[in-house]
Amino acid sequence: MIVDLHNHTVLCNHAEGEIDEYILKAIENGTKIFGFSDHAPMDFDPKYRMSFEQMDSYETDVLNAKKKYEKEIEILLGYEVDYLKGHMDKRALHVEVDYLIGSVHFLDGWGFDNPEFIGAWETQDIDAIWQKYFDTIEDMANSKLFDIVGHFDLIKVFKFMPKGDITKMAYKALEAIKKSDMVLELNVAGYRKKVAQPYPSLSLLKQAFKLNIPITFGSDAHKPEQVSMFNDEIIEMAKSVGYTKCAFFRKRKREFIEF
Ligand SMILES: [Zn+2]
Ligand SMILES: [Zn+2]
């Protein structure tokens with residue numbers, strides 16, 4: 001991936017490896033612009049994220065690495081922030097970074113992508129869950145708090161698929177993303193999950209292209225060896241739809257590069 005903006009660090013308590021190892025892997029794979037976007041702190045589900053007190057050392061570590069590797073690769077600083085009403089904190093939303101990824105990992109406090117809570121899928125209407133998920137993404141886009149939409153159809157992670165037409169379910173969310181001028185992330189983590197597909201799926205990416213929504217790329221690496229995995233597949237998918245450029249951000253200002 002020429003641009004890879006979604007990568008984690010050990011501070012989130014569910015990733016491994018040193019910052020340098022992630023960067024060396026990215027350099028080895030020919031990445032030009034590599035961003036860290038670790039899970040931002042919040043008062044909900046604190047064990048899967050850094051604490052507010054750790055923000056400083058996270059930012060210092062990434063900025064030191066930016067200097068250290070400036071001749072080989074451009075390192076960017078970001079956060080992946082949970083869109084969860086009542087728990088978003090201005091210390092994370094107004095932080096000085098290159099970009100913020102907005103992600104929905106919770107529906108009414110239910111961590112739907114966490115294997116610990118997979119049982120709740122069996123007791124609810126799957127179509128209703130999917131619709132609620134995309135409605136939440138739509139709210140997130142309308143909030144205009146973020147630059148990038150993280151893993152747009154993460155709701156498919158365990159392959160509990162709806163009966164209804166997914167493109168229809170997601171359409172208003174895509175329109176809101178366009179209206180808010182956000183960037184859609186092509187995230188390869190889905191290849192590593194039960195669903196075995198990237199986020200978003202091809203049909204949704206085609207819709208996004210029709211709406212002229214820009215894209216970017218993310219390994220969503222939680223280990224150094226996951227950096228740039230499935231690079232060929234995701235680039236091929238983006239090109240097949242018609243995309244030729246991807247976005248990145250410096251100090252929250254969007255720029256594009258050809259891939
Ligand atoms: Zn994570
Ligand atoms: Zn995520």
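Index from 1, following the sequence. Note that ligands are numbered from 1 as they come in the structure, with each ligand's atoms numbered from 1 the same way.
- Inside a sphere of radius 2.8 Å centred on the Zn ion (ligand 1), the protein N/O/S atoms present are H14 NE2, H39 NE2, H222 NE2.
- With a cut-off of 2.8 Å, the Zn ion (ligand 2) has no N, O or S atom of H6 in range.
- A ring-centre distance under 6.0 Å is not found for Y58 and F36.
- Among residues at least two apart or in separate chains, salt bridge (charged side-chain N to carboxylate O under 4.0 Å, His left out) pairs with a member in residues 118-135 are D108-K132.
- Using a 3.5 Å distance cut-off with no hydrogens or angles, the side chains of D220 and H6 do pair a donor with an acceptor.
- Ring pair F134/F152 is tilted by interplanar angle, where 30° to 60° counts as tilted.
- In this structure R254 satisfies the side chain to side chain donor-acceptor pair (under 3.5 Å) test together with D181, sequence neighbours excluded.
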May I have the list of side-chain donor-acceptor pairs in residues 24-34 shorter than 3.5 Å, sequence neighbours left out?
unit_1	atom_1	unit_2	atom_2	d
N29	ND2	K25	O	2.8
T31	OG1	M1	O	2.7

